[in-house]
Novice: 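The following block contains the structure, expressed as structure tokens.
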Amino acid sequence: MKITVSLIKADVGSLAGHHVVHEKQKELARKILQEAKETGLIIDYYVFNAGDDLELLMTHTKGVNNSDIHGLAWKVFKEVTDKVSKPLKLYAAGQDLLVEAFSGNLRGMGPGVAEMEFEERPSEPIVVFAADKTEPGAWNLPLFKIFADPFNTAGLVIDPRMHDGFDFVVMDVIENKEVKLRCPSEMYDLLALIGTPGRYVISRVYRHSDGEIAAVASTTRLSLIAGRYVGKDDPVLIVRAQHGFPAVGEILEAFAFPHLVAGWMRGSHHGPLMPVSLRNAKCTRFDGPPRVVALGFQVHEGYLEGPADLFDDPAFDWTRMRAMEIADYIRRHGPFMPHRLGPEEMEYTTLPAVLEKLKNRFVEAK
Ligand code: F6R
Ligand code: MG
Ligand code: MG
């Protein structure tokens, strides 16, 4: 039996600014998904949050891009907006719902989607990641490390099942095109693209030897859909682990380095991506720093056993301390680049409106 894992998320309003999802929002989401479980539409679900983003993890047998599943997620986001966010006047109620009505597929409508379909292995561990205050390109560096860097993933060298490497699908989010590149043979081509994470985003990874899906990420760039700034995309990612895929520890190892990502305050600043437990998945200092949670599950006949809150571990304390040191350092740049994003990225923020005001004050330089 083929199982589909769908991780669909949206920011539909939050408590005390863009800080954290309200408990009542999660309660209502659980209630709606429980009903869908009882009617048999989905097999199982897990509701959680990464900062101000409501995350719906669902399993079913309907394949990816299924309109019933996408419709269910849309219903959750709509009802949570109408029945909780708006009455409680939560901040930015319904923020990511960019259109009025659902029309069959969530892509291009605001919510972020990562979905994969596979034949369950005798044991099927998966790791689900969700980040807040950053963009989909934030996964580029860790995905490269997990599936292409032998200094991160020992299995690339030691395990014959991984020795043929992995194929990366990279999406150009500006042109809406994609290209598949094989690693290690096309590693330099891959890096030439994904080093520009605002434009080239890894969307899927496959094991080269048999084409098995290994990872899938959301690629929504809200500003490109809306043509204006509507909060960062706060991406999600699903990775299969163990037995011919990287081990859970190899997957997590890629996050031991708090790399710089775009997002943070007003979606306009670079800052370190800090791995945190679910308990600490809430953005405070300067609306950040950008955070990521990792949840481990064992999938069995489509049921989700778990989660294991994988960053809830002192082994990541040092990474967190380092992230705060970097946060402190880069914050001292205030409104200066490279803390503030470059002009290309700022195009979709409120900065152009400020610059427009100054336009007529410019005279020929003497
Ligand atoms: C970043 C984010 C926040 C807001 C900031 C201003 O993704 O959501 O940093 O950009 O709090 O929010 P507004 O302009 O909505 O009051
Ligand atoms: Mg928000
Ligand atoms: Mg968010």
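Just so we're clear, the structure is a prediction, and the values are computed from it rather than from any experiment.
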Novice: Using a 4.5 Å cut-off on heavy atoms from C-beta on, say whether the side chain of S103 contacts that of M109.
Specialist: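 Yes, their side chains come closer than 4.5 Å.
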
Novice: Please check if the side chain of T153 supplies one atom and the backbone of I146 the other of a donor-acceptor pair under 3.5 Å.
Specialist: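 Flag set: sc T153 to bb I146 pair under 3.5 Å.
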
Novice: Check whether R121 reaches the backbone of Q242 with its side chain - one donor and one acceptor, N or O, closer than 3.5 Å.
Specialist: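 Side chain of R121 to backbone of Q242: a pair is present.
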
Novice: Will you find, in the side chains of S123 and Q298, an N or O donor that is under 3.5 Å from an N or O acceptor?
Specialist: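 Q298 and S123 do have a side-chain donor-acceptor pair below 3.5 Å.
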
Novice: Is there a donor-acceptor contact under 3.5 Å from the side chain of W74 to the main chain of G104?
Specialist: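 Not confirmed, W74 side chain does not pair with G104 backbone.
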
Novice: Please report the interatomic distance CG(L143) to CG(L237), rounded to the nearest 0.5 Å.
Specialist: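 Reported value, rounded in 0.5 Å steps: 5.0 Å.
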
Novice: Going by salt bridge (Lys or Arg N to Asp or Glu O under 4.0 Å), D52 matches just one of K282, K133, R291. Which one?
Specialist: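 Exactly one option meets the salt bridge (Lys or Arg N to Asp or Glu O under 4.0 Å) with D52, and it is K133.
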
Novice: Taking the six-membered ring for Trp and the full ring for Phe, Tyr or His, determine whether the centres of F129 and F255 are under 6.0 Å apart.
Specialist: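 Yes, the ring of F129 comes within the 6.0 Å limit of the ring of F255, centre to centre.
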
Novice: Before giving the answer on side-chain hydrogen bond (donor to acceptor under 3.5 Å, both in side chains), spell out for R331 and H339 the whole-Å C-alpha distance, their side-chain angles and the decisive distance to 0.1 Å.
Specialist: CA-CA 7 Å; R331 273 273 52 232; H339 183 26; 3.1 Å; yes

Novice: Do F166 and Y206 have their ring centres less than 6.0 Å from each other?
Specialist: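 Here the rings of Y206 and F166 have centres that are no less than 6.0 Å from each other.
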
Novice: Have T284 and H19 got a donor and an acceptor in their side chains that come within less than 3.5 Å?
Specialist: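 Side-chain D/A pair, T284 to H19: absent.
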
Novice: Are the charged groups of D312 and R279 less than 4.0 angstrom apart, N to O?
Specialist: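 Yes, D312 and R279 are salt-bridged.
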
Novice: Is the backbone of A262 close enough, under 3.5 Å, to the side chain of T134 for a donor and an acceptor to pair up by distance?
Specialist: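 Yes, the answer is positive, given that a donor and an acceptor are paired below the 3.5 Å cut-off.
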
Novice: Hey, what do you get for CZ (R340) to CD1 (I330), rounding to the nearest 0.5 Å?
Specialist: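 R340 atom CZ to I330 atom CD1 measures 12.5 Å (nearest 0.5 Å).
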
Novice: Decide whether T4 and E115 meet the rule of one side-chain donor and one side-chain acceptor closer than 3.5 Å.
Specialist: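 No donor-acceptor contact under 3.5 Å links the two side chains.
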
Novice: Using the salt bridge (Lys or Arg N to Asp or Glu O under 4.0 Å) definition, which of the options R204, R207, R240 pairs with E212?
Specialist: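 So the option named by the test is R240.
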
Novice: Is it the case that E253 and N152 place a side-chain donor and acceptor less than 3.5 Å from each other?
Specialist: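 Checked: E253/N152 side chains show no N/O donor-acceptor pair below 3.5 Å.
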
Novice: Do Y91 and H18 make the cut of ring centroids closer than 6.0 angstrom?
Specialist: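 Yes, the ring of Y91 comes within the 6.0 Å limit of the ring of H18, centre to centre.
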
Novice: Strictly by modelled atom types, are H300 and E124 linked by a side-chain donor-acceptor pair under 3.5 Å?
Specialist: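 No.
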
Novice: How are the rings of F311 and F316 set relative to one another: parallel (under 30°), tilted (30 to 60°) or perpendicular (over 60°)?
Specialist: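 F311 vs F316 ring planes: perpendicular.
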
Novice: When you measure from the side chain of E55 to the backbone of L7, do you find a donor-acceptor pair of N or O atoms at a distance under 3.5 Å?
Specialist: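 It does not hold such a pair.
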
Novice: May I ask you to decide if Y200's main-chain N or O and N140's side chain share a donor-acceptor pair within less than 3.5 Å?
Specialist: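 Side chain of N140 to backbone of Y200: a pair is present.
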
Novice: Run the salt-bridge test on D328 and R285 with the 4.0 Å N-O cut-off and return the result as yes or no.
Specialist: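 R285 and D328: salt-bridged.
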
Novice: Under 4.0 Å between a side-chain nitrogen and a carboxylate oxygen: does that hold for K359 and E356?
Specialist: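 So K359 pairs with E356 through a salt bridge.
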
Novice: Counting only heavy atoms not in E344, do more than 12 fall under 6.0 Å of its CD?
Specialist: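 Counting neighbours around CD of E344, 12 or fewer heavy atoms of other residues, nucleotides or ligands fall under 6.0 Å, so no.
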
Novice: Look only at the side chain of H243 and the backbone of P122, and say whether a donor-acceptor pair between them is shorter than 3.5 Å.
Specialist: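 No.
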
Novice: If you measure from the Lys or Arg side-chain nitrogens to the Asp or Glu carboxylate oxygens, is any gap between D287 and R266 under 4.0 Å?
Specialist: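 A salt bridge is absent here (no side-chain N lies under 4.0 Å from a carboxylate O).
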
Novice: Measure from NZ or CZ of R182 to the centre of the six-membered ring of F168, then state whether that distance is under 6.0 Å and the direction lies within 45° of the axis.
Specialist: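 Here R182 fails the 6.0 Å and 45° test against F168.
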
Novice: So, are K31 and E35 salt-bridged, with charged N and O less than 4.0 Å apart?
Specialist: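 The answer is yes: the pair qualifies as a salt bridge.
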
Novice: Would you please say whether a donor-acceptor pair under 3.5 Å links the side chains of R107 and N65?
Specialist: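 The answer is yes; a qualifying pair exists.
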
Novice: Any side-chain to backbone donor/acceptor pair from E250 onto G155? Under 3.5 Å, distance only.
Specialist: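 Here the side-chain-to-backbone pair exists.
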
Novice: Output all residues satisfying salt bridge (Lys or Arg N to Asp or Glu O under 4.0 Å) with K180, sequence neighbours left out; order by chain, then residue number.
Specialist: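 If we apply the salt bridge (Lys or Arg N to Asp or Glu O under 4.0 Å) test to K180, skipping adjacent residues, there are no hits.
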
Novice: Any side-chain to backbone donor/acceptor pair from E120 onto K2? Under 3.5 Å, distance only.
Specialist: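 No, the answer is negative, given that no donor and acceptor are paired below the 3.5 Å cut-off.
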
Novice: Under a 4.0 Å threshold between the charged nitrogen and the carboxylate oxygen, would K26 count as salt-bridged to E23?
Specialist: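 Salt bridge present between E23 and K26.
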
Novice: Would you say that K9 contacts L56 through its side chain, given a criterion of any heavy-atom pair below 4.5 Å between the two side chains?
Specialist: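 A side-chain contact is absent here, since even the closest heavy-atom pair is not under 4.5 Å.
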
